[in-house]
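The structure appears below as structure tokens.
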Amino acid sequence: MAMFELLSSVMASSARGWRGTAAFTGHKTRQPEQMLILYDIEACPYCRLVREVLCELDIDVLIYPCPVGGMRFRPDALDISGVSQFPLLFDPNTGEHVLESADIIDYLYKHYRSANGHSARGLRAKIALAGSMAATAARSVGRIRGMNAAPSIAPEKPLELYSFESSPYSRPVRELLTELELPYRLRNFAKSRWQEMGPPQVRSRWFSDAPITSPNRLRLRELTGRSQVPYLIDPNTDVAMFESAEIMTYLRNSYGGE
Ligand SMILES: N[C@@H](CCC(=O)N[C@@H](CS)C(=O)NCC(=O)O)C(=O)O
């Protein structure tokens, strides 16, 4: 990945104080039986606040990208909520849909976390939104990445991406998935122990014996022997790969254009 892309992604994560990095481990989150669905725009400052909380609660989610100008999932979203507004959460477990990022965050805490928690309020909410807007700005030099639809071919089945919200290398992949309107199961890969902080090379050198506690970390370790994101699985072609630059080339070649 070009150095500029990486640096601006690091700046975006910093603007949000690296929220969406660690999972809350003190209280068990209840995993939804059926995967939640988020109609999302990667670059949208409000959507980011929701994805951060999903990541911190360690909840997987099916993302239906709805970039500006997109036609693949926007009509569904309009049918569900009656308005063209994102983020929109649909919970197939309860049949409920929720608009408004703060209400979605409250809903997630209420239904899936066995401890109190809610969206930021008052001044804290304003600061969170300002930081999220700054994160979008950091990724907007030349063009707003992850905001506008680009021509693409629809996959038959949703893709699968292991990622955590603040991951500087995962963000450009999510931006491209959004632009190409490619649905994907977002496997949140938040860190549940301090030994999981830092780049993979550092961790494997110093903390190779630390037990893995997060379900998705265990899963990826079983699948690949590694703990590294982004990791893309495409069930349509049986391709599975690490490395953001290679994943993006694969996505462009397989689904871009038309
Ligand atoms: N107050 C809402 C604001 C959401 C919002 O303004 N989202 C923008 C995208 S950043 C939107 O839905 N735009 C309409 C569109 O893209 O059609 C929230 O917190 O969820």
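Order of listing sets the numbers, starting from 1, for every ligand and every atom in it.
In this structure, CG on L108 lies 11.5 Å from CZ on R113, to the nearest 0.5 angstrom. Separation of atoms OH (Y162) and CZ (R187) is listed at 5.5 Å; rounding is to 0.5 Å. For the atom pair OG (S8) and CZ (R139), the distance works out to 4.0 Å, reported to the nearest 0.5 Å.
Nearest to atom 13 (N) of ligand 1 among the protein's heavy atoms is S84 O, 4.4 Å. Atom 10 (S) of ligand 1 has C44 SG, 2.7 Å as its closest protein atom, hydrogens excluded (heavy atom only). Looking only at protein heavy atoms, the nearest one to atom 6 (O) of ligand 1 is Y46 CE1, 3.6 Å. The single protein non-hydrogen atom nearest to atom 19 (O) of ligand 1 is S101 OG, 2.5 Å, given as residue, atom name and distance. Among protein heavy atoms, atom 2 (C) of ligand 1 sits closest to E100 OE1, 3.3 Å. In this structure, the protein non-hydrogen atom closest to atom 12 (O) of ligand 1 is F86 N, 2.7 Å. Looking at atom 17 (O) of ligand 1, its nearest protein heavy atom turns out to be R74 NH1, 2.7 Å.
Polar contact check, P45 against ligand 1: no nitrogen or oxygen pair lies under 3.5 Å apart.
Against a heavy-atom cut-off of under 4.0 Å, P87 is close to the following atoms of ligand 1: 20 (O).
The hydrophobic cluster containing M147, built from Ile/Leu/Val/Met/Phe/Trp/Tyr side-chain heavy atoms closer than 4.5 Å, also comprises M35, I37, Y39, I41, L62, Y64, V68, F73, I80, V83, F86, L88, F90, L99, I144.
Judged by distance alone, with hydrogens and angles left aside, the side-chain atoms of R16 form no donor-acceptor pair with the main-chain N or O of G131 at under 3.5 Å.
Remark: S163 pairs with L161, S170, R174, L186 by the side chain to side chain contact (heavy atoms under 4.5 Å, CB included) rule, at least two apart or across chains.
Summarising the local packing, CD of Q34 is surrounded by more than 12 heavy atoms from other residues, nucleotides or ligands at distances under 6.0 Å.
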